[in-house]
K.L.:
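Have a look at this one before I ask anything.
Within every chain, numbering begins at 1; the chains are lettered A, B, ... in the order of the sequence lines, protein sequences first and strands thereafter. What you see is a predicted model, and the numbers here were worked out from it, not measured in a lab.
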Protein chains: 2
Amino acid sequence: MSSTQLSRKEQIDQVATSLFKSRGFAATTMRDLALELGIEAGSLYSHIKSKEDILQRVCFKMADEFNAAFDEVKNKDVPAGEKLRLAVAAHVRVLTKNPPAAGVFLNEWRHLSEPSLSKFHDMRFQYEESLREIVREGIASGEFKVTDEKFVVLTLLSSLNWLHMWYKPEGKMSPDDIAEFLSNLLLNGLKNF
Amino acid sequence: MSSTQLSRKEQIDQVATSLFKSRGFAATTMRDLALELGIEAGSLYSHIKSKEDILQRVCFKMADEFNAAFDEVKNKDVPAGEKLRLAVAAHVRVLTKNPPAAGVFLNEWRHLSEPSLSKFHDMRFQYEESLREIVREGIASGEFKVTDEKFVVLTLLSSLNWLHMWYKPEGKMSPDDIAEFLSNLLLNGLKNF
DNA sequence: TAAATTTGCTAACGGCCGTTCGCATTAGTA
DNA sequence: TACTAATGCGAACGGCCGTTAGCAAATTTA
């Protein structure tokens, strides 16, 4: 039993999100979605504008959450290594709070049409750029021995963004445990973990 | 101009692969595919059995390549760290040899239907298990300081399997450069790179 | 109570989907 | 030359797709 009351529209978004994640946006039909909600397909349109309408809401809501979480880290005056830890923790927290939405955000955004698609691209680039800036700080101060910040951030995000594929809230690792593990692995490596 | 002659069927597989990768399997129509090849949709069926037929060939061909590359590493008598380096290099080599096929292998396999889907799952599990075995060796010998080999392999594969998203053959890093970078990052971390 | 909003149904629309069929044309082979 | 295989066309099939329209209950608000 849920503690907060969801509007019908929010229910639709939520159920659609888990279908989009497990079957993909293109392979999910409005009739599937309606069936899952126990209503007819046509009835959905009393609440939503279109199928892509749902996708847009999910994608941009998640984007906002990532940005909000990162904004709290961005301007802290701590060493780069520590800042990276905080950024990883923030990212993991968003990712694990709603794994289906995270999955849609990460894998289904390409089904957005213009101009949403371009807007999404821009937001994503900005986010990645902020992470690169942290790594550049660490390189400049000598804290990080690596030289290619682009590659590092790509690798970092790759490991983070696979999380939603296997993370289960009932598992034995909490989001913070996961964040700590990933930070240690990235910063110290297998041999110095 | 290509050096080896492709049969029509191979051409179809190749063009389909890049469409499946860029648009997704479900969002790619046979008419799209035919258009790209300059023929009519119905004509495709002189060469292939069905749409999923193509997906199966691509997925299992890639699976075979990963297994073949890994088999050359598996039983080498070298320290775990070195073996992991070799495994990473082998994986990267397969991944970069044909990025579109790699993308389909990694993201579109879920559109396989039974019994192909189960077979695919099994092969994948076996592959991952072999990697975990290497990490376990490293932990047992004290070479690796980490404790959770499952998590390590998940993270490793995550970073590797994002590669096809940004790798461009004409870029300045060769597959072996990439493999070396990733191995160093994983083994030594940002701080000791 | 009356009005307004929310929620849902049934039926249908135009269109696109994967696939099949029968028939041609071309290229390779003996 | 005649046979065979490879290749392709055009039309059509049954079916599913997202979406719309008109209408009816139910629920909330005033």
Side-chain angles (χ1 to χ4, degrees), chain A residues 1-2 4-59 104 107-117, chain B residues 1-2 4-59 104 107-117:
Chain A
M1 195 154 197
S2 172
T4 57
Q5 197 65 261
L6 288 187
S7 74
R8 206 61 173 121
K9 183 175 178 180
E10 289 166 329
Q11 276 184 48
I12 292 174
D13 283 357
Q14 183 176 301
V15 173
T17 298
S18 70
L19 287 179
F20 289 172
K21 189 196 169 175
S22 60
R23 310 184 189 178
F25 176 77
T28 302
T29 71
M30 298 305 274
R31 284 166 177 85
D32 287 340
L33 174 53
L35 186 67
E36 203 82 7
L37 287 157
I39 61 176
E40 295 298 315
S43 309
L44 290 166
Y45 289 84
S46 300
H47 308 277
I48 62 163
K49 217 170 102 279
S50 68
K51 189 185 180 187
E52 195 188 319
D53 187 37
I54 305 176
L55 183 62
Q56 283 183 25
R57 267 195 304 280
V58 176
C59 286
V104 172
N107 294 322
E108 305 301 327
W109 56 267
R110 60 181 168 155
H111 294 107
L112 291 169
S113 57
E114 295 295 354
S116 300
L117 186 57
Chain B
M1 197 148 200
S2 173
T4 56
Q5 197 67 260
L6 288 186
S7 75
R8 205 63 172 121
K9 184 175 176 180
E10 288 166 328
Q11 277 182 49
I12 293 175
D13 284 357
Q14 184 177 300
V15 173
T17 299
S18 68
L19 287 179
F20 288 172
K21 190 199 168 173
S22 59
R23 309 184 188 177
F25 176 77
T28 302
T29 70
M30 298 306 274
R31 284 166 177 85
D32 287 340
L33 174 53
L35 186 67
E36 203 83 7
L37 288 157
I39 60 177
E40 295 296 316
S43 308
L44 290 166
Y45 291 82
S46 299
H47 308 277
I48 62 162
K49 217 170 101 279
S50 68
K51 188 184 180 186
E52 194 187 319
D53 187 36
I54 305 176
L55 183 63
Q56 282 182 28
R57 268 195 303 280
V58 176
C59 286
V104 172
N107 293 322
E108 306 300 327
W109 57 266
R110 60 181 167 155
H111 294 107
L112 291 170
S113 56
E114 296 293 355
S116 299
L117 186 58

K.L.:
Is the phosphate of C:dT6, meaning OP1 or OP2, less than 4.0 Å from a side-chain N or O of A:H47?
P.N.:
no
K.L.:
Under 4.0 Å, heavy atoms only, any strand: does B:E40 hit a base, just the sugar-phosphate, or nothing?
P.N.:
sugar-phosphate
K.L.:
Hey, does the side chain of B:S46 come within less than 4.0 Å of D:dA6's phosphate (OP1/OP2), counting only N and O?
P.N.:
no
K.L.:
So B:S7, base contact, sugar-phosphate only, or nothing? Heavy-atom distance under 4.0 Å.
P.N.:
nothing
K.L.:
Would B:D53 and B:R57 count as a salt bridge (Lys or Arg N to Asp or Glu O under 4.0 Å) if you check the C-alpha gap in whole Å, the side-chain angles of each, and the deciding distance to 0.1 Å?
P.N.:
CA-CA 6 Å; B:D53 187 36; B:R57 268 195 303 280; 2.9 Å; yes
K.L.:
What closest approach, in Å, do B:T28 and B:G24 show between heavy atoms, and which atom pair accounts for it?
P.N.:
OG1-O, 2.7 Å
K.L.:
Any side-chain donor paired with an acceptor under 3.5 Å for B:E52 and B:Q56?
P.N.:
yes
K.L.:
With a cut-off of less than 4.0 Å, is there a side-chain N or O of A:Y45 near OP1 or OP2 of D:dT19?
P.N.:
yes
K.L.:
Heavy atom of residues 23-38 of chain A under 4.0 Å from DNA chain D: which residues?
P.N.:
A:T28, A:T29, A:M30, A:R31
K.L.:
State the CD-CG distance between B:E40 and B:L35, to the nearest 0.5 angstrom.
P.N.:
9.0 Å
K.L.:
Using the side-chain heavy atoms of B:R8, tell me which of these nucleotides is nearest: D:dG8, C:dT19, C:dC9.
P.N.:
D:dG8
K.L.:
Looking at five pairs on each end of the helix from C:dT1-D:dA30 to C:dA30-D:dT1, what is the angle between the two axes, given to 10 degrees?
P.N.:
20°
